[in-house]
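Read the structure below first, then the notes.
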Amino acid sequence: MQAIRAFTPQVATVATPQKLSAAQATGNGLANTVLDAVRAVTDFLDTHPNTGAAVVNTFALMKAVRAFPKFIYPTITGATAQEKSFILNV
């Protein structure tokens, strides 16, 4: 069992200056557009830490929701005595 630890939001930036410079040197228009978008989002999240934390928390919540089982067994609260014994003895 893992210990519960405090959550500290961190926004990971994969696009390093070296990678950006190398991609821009290729002269690919689509790559430059994507890199400009990455820079814009990174700059925005750097200047708005609460928004970055909200993005990280949203992804963490979505990951937790996806971790739930696809099927949850129904309860037997509304079952009759005969139905309860059948369900529990199977």
Side-chain angles (χ1 to χ4, degrees):
M1 180 181 252
Q2 294 180 340
I4 297 175
R5 56 191 163 115
F7 178 73
T8 54
Q10 297 175 351
V11 178
T13 305
V14 178
T16 63
Q18 294 81 13
K19 290 180 183 178
L20 293 174
S21 299
Q24 280 185 327
T26 62
N28 186 348
L30 178 61
N32 288 334
T33 303
V34 170
L35 292 173
D36 289 341
V38 168
R39 279 193 187 114
V41 170
T42 302
D43 292 343
F44 180 80
L45 293 177
D46 286 342
T47 58
H48 298 84
N50 290 338
T51 305
V55 169
V56 170
N57 288 335
T58 300
F59 285 132
L61 176 65
M62 296 303 286
K63 186 176 180 181
V65 168
R66 290 187 68 197
F68 282 110
K70 302 290 184 224
F71 176 77
I72 298 174
Y73 291 98
T75 61
I76 58 172
T77 55
T80 64
Q82 187 179 15
E83 292 169 338
K84 285 181 185 180
S85 67
F86 176 77
I87 293 169
L88 295 175
N89 291 328
V90 170

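Each of Val55, Asn57, Val56, Leu61 was scored for a side-chain contact (heavy atoms from CB on, under 4.5 Å) with Phe59, with one residue passing: Val55.
Separating the CG atom in Leu35 from the CG atom in Leu30 is a distance of 9.0 Å, to the nearest 0.5 Å. One finds the CD atom of Gln82 at 11.0 Å from the CD1 atom of Ile87 (value rounded to the nearest 0.5 Å).
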